[in-house]
Amino acid sequence: MKFGDIIIAVGITLAVLFASLSLSKRDIPTTEYSTAYDGLTITHTAAEVTRGELAPARLEVKVEGGLLPDSSTLFVYLHPANSPADTAFRRAPMLTVPGEGLVYRRDLLSQGTGKKFEYYIRLVAPKDTTMADTVLATIPEGNISNPRAVLSVLFEGTPPKKILIARIAVMFAGFLLLVLSMLSSMTYPKDPGAFVRAGRLALVGLLLLLVGVLLLGTKIGLATNGQAWSGVPLGSNLSDSVSAVLILFWLIVVLILRRQIFKGESSEELIGRRIQYLLVAGVVLAVITALIPGGIGRL
């Protein structure tokens with residue numbers, strides 16, 4: 001193998017690595033919901049994810065334009081996501097935060113990694129001497145007419161940095177070998193042993209992918225989402241699913257090249273050209289997989 005091929009492969013790998021790490025950085029998505037009642041503006045900024053081991057979901061409401069009506073209370077109503085239709089929402093009062101003006105807060109303690117809760121917020125006042133509730137305002141606003149209009153929060157864990165670093169190293173070492181395999185095949189038919197070398201590089205690269213996706217990746221998934229594997233056929237996670245396709249593709253390539261890998265046989269030129277196309281396609285698929293937000297599987 002030429003030294004220039006190694007330089008090219010390292011350059012491609014580093015470029016894809018930096019791009020993948022950049023795309024993997026994501027902020028916690030938030031959405032602002034506002035409703036109005038009798039000159040008051042009631043605002044809630046909803047975070048869809050609470051990240052961190054045992055970190056609570058902080059639910060806050062800001063009131064502007066005056067004080068809440070006498071005897072009224074802000075309540076948050078919660079229940080686990082995917083609960084049966086008849087499962088009642090449990091409610092808890094939201095309390096003012098000293099020194100922060102008219103800010104009302106309720107912390108939902110961590111319910112475990114991967115757990116998701118649905119909730120909505122209501123401003124409630126007693127209707128009459130029977131103390132029946134009168135709903136003055138709701139976040140989201142559509143909840144008054146549609147009980148299914150709710151917000152949600154997901155509890156995510158934080159995987160150990162050692163496993164994250166190990167997975168990045170293993171995955172991109174495998175990626176480097178796949179690129180070298182492709183470049184090595186390009187010297188055929190001038191170099192009769194090109195596919196022997198390409199096949200063996202592909203085999204080691206595939207083994208590294210297996211370790212990165214099925215061993216380290218599942219540990220990260222378990223620590224982050226409470227689910228080791230969330231791609232097909234168990235879920236719809238895009239990066240996990242594409243990682244499975246990538247492994248299957250390179251497994252097929254290795255099986256096609258098994259004689260070259262284990263017996264050192266050369267290839268006929270027609271078949272060799274087709275294998276070159278397969279190797280190029282496999283590297284392109286690896287690049288696409290790496291650039292999916294979240295990295296190769298999960299970074």
Side-chain angles (χ1 to χ4, degrees), residues 1 5-6 8-26 51 113-114 156-185 197-258 261 278-299:
M1 180 177 294
D5 289 343
I6 297 176
I8 292 172
V10 171
I12 293 173
T13 301
L14 289 177
V16 173
L17 171 61
F18 290 134
S20 178
L21 291 177
S22 177
L23 292 172
S24 295
K25 295 178 181 178
R26 61 187 180 95
R51 191 178 301 149
T113 300
E156 282 190 357
T158 304
K161 288 186 177 180
K162 290 182 179 179
I163 296 181
L164 281 172
I165 294 172
R167 186 171 190 281
I168 292 171
V170 168
M171 293 299 291
F172 282 93
F175 181 87
L176 173 63
L177 293 179
L178 299 183
V179 176
L180 286 173
S181 174
M182 177 194 71
L183 294 176
S184 178
S185 72
R197 187 168 55 252
R200 290 172 180 173
L201 287 167
L203 175 61
V204 179
L206 174 62
L207 293 175
L208 289 174
L209 290 183
L210 288 169
V211 171
V213 173
L214 300 182
L215 179 60
L216 299 176
T218 53
K219 288 181 179 293
I220 291 173
L222 193 61
T224 303
N225 303 311
Q227 189 174 1
W229 182 260
S230 54
V232 293
L234 302 178
S236 58
N237 181 279
L238 180 60
S239 55
D240 274 358
S241 299
V242 176
S243 295
V245 173
L246 178 66
I247 289 175
L248 180 61
F249 185 96
W250 280 95
L251 178 60
I252 293 171
V253 172
V254 167
L255 290 175
I256 292 173
L257 292 173
R258 62 189 181 280
I261 295 172
L278 276 178
L279 293 174
V280 171
V283 170
V284 171
L285 178 59
V287 171
I288 293 172
T289 306
L291 297 182
I292 292 175
I296 298 184
R298 294 192 193 96
L299 283 181

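The basis for the numbers below is simple: all heavy atoms, side chains too, and nothing from hydrogens, waters or symmetry mates. We're numbering straight along the sequence, starting at 1.
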Task: Taking every non-hydrogen atom, the tightest pair across Arg167 and Gly212 - done: NE-O, 2.7 Å
- [ ] Verify, without hydrogens or angle tests, whether Thr218 (side chain) and Leu215 (backbone) share a donor-acceptor contact under 3.5 angstrom.
- [x] yes
Task: For Ile247 against Leu209, the heavy-atom pair lying closest together - done: CD1-O, 4.2 Å
Task: Point-to-point distance, once rounded to the nearest 0.5 Å, from CG of Leu285 to CG of Leu178 - done: 10.0 Å
- [ ] Mind checking the CG-CG spacing from Leu206 to Leu248? Nearest 0.5 Å is all I need.
- [x] 10.0 Å
- [ ] For Ala244 and Trp229, work out which heavy atoms get closest and say how close.
- [x] CB-CZ2, 3.9 Å
- [ ] Keeping the roles fixed (side chain from Thr13, backbone from Ala9), state whether a donor-acceptor pair exists under 3.5 Å.
- [x] yes
Task: Rounded distance (nearest 0.5 Å) linking atom CE of Met171 with atom CG of Leu208 - done: 9.0 Å
- [ ] Could you tell me which non-hydrogen atom of Ala198 sits nearest to which non-hydrogen atom of Ser184, and how far apart they are?
- [x] N-OG, 3.9 Å
Open item on the list: Using only atom types and a distance under 3.5 Å, with no angle test, would you say the side chain of Ser20 pairs donor to acceptor with the backbone of Val16?
Closed with: no
Task: Side-chain (Ser239) to main-chain (Ile292) donor-acceptor, under 3.5 angstrom - done: no
TODO: List the atom of Leu222, the atom of Thr113, and the distance in Å for their closest heavy-atom pair.
DONE: O-CG2, 4.0 Å
Open item on the list: Please give me the minimum heavy-atom distance between Trp250 and Val283, naming the atom from each residue.
Closed with: CZ2-N, 3.7 Å
Open item on the list: Looking at Phe18, is its backbone amide N or carbonyl O close enough to the side chain of Ser22 to form a donor-acceptor pair, meaning the two atoms are under 3.5 Å apart?
Closed with: no
- [ ] Report the distance from atom CZ of Arg200 to atom CG of Leu180, rounding to the nearest 0.5 Å.
- [x] 15.5 Å
TODO: Would you give the length of the straight line joining atom CZ of Phe175 to atom CG of Leu14, rounded to the nearest 0.5 angstrom?
DONE: 10.0 Å
Open item on the list: If I take atom CD1 from residue Ile261 and atom CG from residue Leu201, how far apart are they, to the nearest 0.5 angstrom?
Closed with: 9.5 Å
Task: Contact check, side chains of Leu17 and Ile168, non-hydrogen atoms, under 4.5 Å - done: yes
